[in-house]
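To start, the structure itself, in structure tokens.
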Amino acid sequence: MDIGRYIARRLLLAIFVLLGVLVVTFILSHSYGDPIYAWLGKNAALHPNLVKLYEDKYHLNDPVYIQFYYYIVGLAQGNLGVSPSRGFEPVSQVIEQTLPFTLQIAFFAIVMTLVMGIALGIAASFYYKRPVDYGVRAFYLAGYASPSFFVALILLIVLVYYLHLLPSGEAVGVGIFPPHVITGIPMLDALIQGDWTYLGSALQHIILPSLALALTTFGVVTRILRSSVLDVMQSNYIRTARAKGVNERTVFLRHGLRNAMIPVITVSSLIVTFILTGTVFVEYIFAYPGMGQYVVQALLGQDFPGILACTLIYALLIVLTNLAADILYVVVDPQIRLG
Amino acid sequence: MSLITITGLTIAYGFRDSRLIAVNSVDLEIGEKEFLAVVGESGCGKSTLALSMIGLLPKSVATIVAGQIVYKGTDLVKLDNNELRRYRGTEIAMIFQEPLTSLNPVYRVGDQMAEAIAIREARTGGDEALAGSSSVMQEVHRSDEVRVSRVPRPKKRVSSELKKEAVDALKLVRIPDPEQVLERYPFELSGGMRQRVMIAMALSQRPKLLVADEPTTALDVTTQAQVLKLMKELMSEVNTSILLITHDLAVASQVADRVVVMYAAEVVEDADVFALFSEPLHPYTKGLLSCIPTGSKDDTKLLPIPGSVPDLVNPPVGCRYASRCPYVMDVCRTREPQLVEVKPKHKVACYLYGK
Amino acid sequence: MTEKTKPKNQMSLGRLAFITGDAKVRVNKEMIIGGVIVAFFVVVAIAVTIADILHITITPYNPDTPNVGPLFGPPSLAHPMGTDNLGRDQLSRILAATPNAVVIGFVVVGFSLALGLIIGSFAGFHGGFADEALMRLTDIFFAIPALVLAIAIVAALHASLLNLMIALMIVWWPAYARLSRGETLKVSHQNYIEAARTSGYGSARIIFRHVLPNIFVTLVVYATLDIGTVILTYSGLSYLGLSVPPPAPDWGYMVASFGDSLLSDPWLPLFPGLLIAISVIGFSIFGDGFRDAISGN
């Protein structure tokens, strides 16, 4: 029973990976021409006093390894530079405002992805080589192959403009005030405080963007679950369960599904990467005020500090989900726990 | 009195353009408290026969074309899957060739045994819904948590009873330290241990018939002997008939009361174990016996059977052994011999005997 | 049964068969459907490129000439995919942009395949520090979404097709290195590798003669499936304006620039988006079929 050591090892690895990501962003910060651009953007020269401040603080005129040291120290203090595309607001503040919205979208997108992916994966395996199976496969292939911006556009046309089913743009309806900050994630705060007006409106606004992401991502789950269910249901322990007289529903739910879900955990990292990538487009198209929208804005405004900060935050999110997946593995598959 | 009577059973594997008859009009009878062995080469249909008895043939490819499997007056062939399920485990149990993969890797041994026992209890208690509810598997887990957190739960009594029975079942198959083993995951146990767990789990459901499909093939020789000895001993301790499927005539001779020899999807000989070994009638049985190394210096006895098993998609006319038989006659190539009782309790399908 | 009746539609895989010994590939439905789609895009890409070099127009109209049709003209016989805000023929523009997607797909995957094979097989074969270093490096790359990292790189390099390609190559190869490392580990415990080692052959020789040929097929199968993913990522970057500068046509950018005319003239963003999806589907289906054929499924 060495769960402690296993998790400690994973944690160490995660920290190492984050350090590596810092090296990558540090290298990138030096590739924009003058390193000062990475803190103030291309028009740094307009703010000579800021230039002076940052050059001193981050030792930008010293050798690279000294700069790296102060880079890490600066990041550890939460300083990510200022964002020219947002009127020289500190990047950390922009992240603080936008990240909660991206987390909201990602959460709902992951839930929808899993629900759709698992349901359709099971359906396809149940109706193996029958019309349902072919239908599901065509559906997920189309979803996977379509760029998320394309799916978002189609949803926008059909559900918003033609059917008028859902609102679009922003995170909530006009004139609805956000709840008091507790966790920093507006929908969660609204839920805690029972602010149903906000929550209701926010839910309406989040369906479209997260649906667009789920439609392009659920195929990853469906595809792997379909084949692993087919695999597992052929296995000898399923035959044993049947031989014991376990009814077919229990055989599938208790003996089959749990084993079949293990490969799905393996691709969790891929799913999160897909969804985070998709938020960049989807938030932009639906004008959802998250980090993805900020990345595009930063890109268009040559806002290097913003781009670098978002790169870091996305990496942090992925590393954290990988860690979560590693721990989930331990819960689901005893062989990892003990083997 | 016979427990199960199979008559004219024919099972086909259907592939698109070719149909393979894996079991061809087989008659078989298993008595109460009888240890019967079915012997044959791989591909002779003996495993298919075994699976058909608990309705676990792969539905998509295999179909029972004709025949009956009458168990206690009910024809199992006519039952649908859900009705058949009520016979599985508690009436007819089965253990398999692959002990390494036959237990669910993500559940503890104790949970899997508890599930089996709970199914039996639910059936004897007449409430099968209980066994179907998904809480049963978690019962044992929950009782563990209870012990740790010291919160009394109403279910605790039930699950500790299940646990006690599981321990008893493991003791029955001579597993040392059964309480420990209940807490283990299958992959922490050796192959021999896993097969013992499989046997214990099957017996814990108190079946009338235990079908064992090559239970020792995947095990090493010493473990093989132990498991066989155990099965023989258990016969007298529990009220169960055993049907042993094996390719190894030597294995059958060690444990079985009666032996049925199958060749190319058909039964060719059916006799008391002593009669079969002292006086084998069918040329194929004779051939098999001369393949067994006896350990004597007379090595010339070790003779392989010439030729190969006929194609079951297009089986030959007449006796299927004809092409390999040293005593082949003209009639063998035109008409198929029937299984007839040529001596008391000794049946054979061969024209050399009777008419 | 399987031995006697040999499937009729067998073909040997040419070079691949030479490399793997006996890789007989059963051509399946997926390979044919996907192959037709892939072939269409490849042929169009080659034709357009050649025509471009020869300064002739083989698309129905010159893709850059305005007013060949009405402004915002809906699909018609003369203009099957309509005309855009400047009256340019959309079909011609979409066809003219085909080489971008095809070239990026093949070049990025080809480069990643080559580099990944070399680095991955070396690390897997030697183990130790080289292996550990590679694995940690790929861990780092996997932690950053390819698109986001590519955005950061292109932002540093200025937007152009070449820079986009370079950015994608930088972020794309680690997956191949990791895959070939894994495959190398699988084969390097095989008897023939051990035999080569005990015969005292140098590791470069063993890698090139024995390891690479054996892991090559697995990687090619993965690469075939992967071209679609590259095109998808590329179209995303193009959507953000990181590809060829306008007025040159590019699929992703066409969707982006007509996103606003969605209601009034839906064909303008729909057709380029559809083309992206179809090309990705083509590569995916073909790759799936190819994999099934190789694994004898």
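Proteins come first, then strands; the chains are lettered A, B, ... in the order of their sequence lines, and each starts at number 1. The shown structure was predicted, so the numbers you read here are calculated from the model rather than taken from an experiment.
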From the list A:L19, A:V17, A:L13, side-chain contact (heavy atoms from CB on, under 4.5 Å) with C:R136 holds only for A:L13
Here the gap from C:L240 atom CG to A:Y284 atom OH, rounded to the nearest 0.5 Å, amounts to 7.5 Å
Max heavy-atom pairs within cutoff under 4.5 Å with chain A, candidates C:L137, C:V148, C:I285, goes to C:V148
Correct closest heavy-atom pair for C:P269 and A:F150 would be O-CE1, 4.1 Å
If one checks every heavy atom of A:I154 against chain C at 4.5 Å, the contacting part turns out to be side chain
So, the part of C:L274 with a heavy atom under 4.5 Å from chain A: the answer is both
Most heavy-atom pairs under 4.5 Å with chain C, out of A:L316, A:L299, A:T311, A:T277, belong to A:L299
Distance col, row C:I144:CD1 vs A:I318:CD1, nearest 0.5 angstrom, shows 8.5 Å
Checked A:I307, A:V21, A:V24 vs chain C; the most non-hydrogen pairs under 4.5 Å come from A:V21
OG of A:S31 to CD1 of C:I153, rounded to nearest 0.5 Å, is 8.0 Å
Residue from A:S146, A:S148, A:A298 scoring the most non-hydrogen pairs under 4.5 Å with chain C is A:S146
Honestly, the part of C:L242 sitting under 4.5 Å from a heavy atom of chain A is side chain
So, the part of A:I285 with a heavy atom under 4.5 Å from chain C: the answer is side chain
The interface call for A:F149 against chain C, heavy-atom contacts under 4.5 Å, is side chain
Separation between CG (C:D288) and CZ (A:R137), nearest 0.5 Å, reads 7.5 Å
Rounding to 0.5 Å, atoms OH (C:Y239) and CG (A:L153) come to a distance of 5.5 Å
When the 4.5 angstrom heavy-atom criterion is applied to C:L270 and chain A, the contacting part is both
Honestly, the part of C:T229 sitting under 4.5 Å from a heavy atom of chain A is both
Under 4.5 Å to a heavy atom of chain C? For A:V295 that would be side chain
Turns out that what part of C:F142 lies under 4.5 Å from chain A's heavy atoms comes down to backbone
Chain C shares the most heavy-atom pairs under 4.5 Å, among A:I157, A:T273, A:T321, A:V319, with A:I157
Whatever's closer than 4.5 Å to a heavy atom in chain C on A:L141 counts as both
Distance col, row A:F274:CZ vs C:L232:CG, nearest 0.5 angstrom, shows 7.0 Å
Note: C:I281 and A:A142 closest approach over all heavy atoms is CD1-CA, 4.1 Å
Step by step, would you call A:L28 with C:L149 a side-chain contact (heavy atoms from CB on, under 4.5 Å)?
CA-CA 10 Å; A:L28 278 170; C:L149 187 54; 3.9 Å; yes
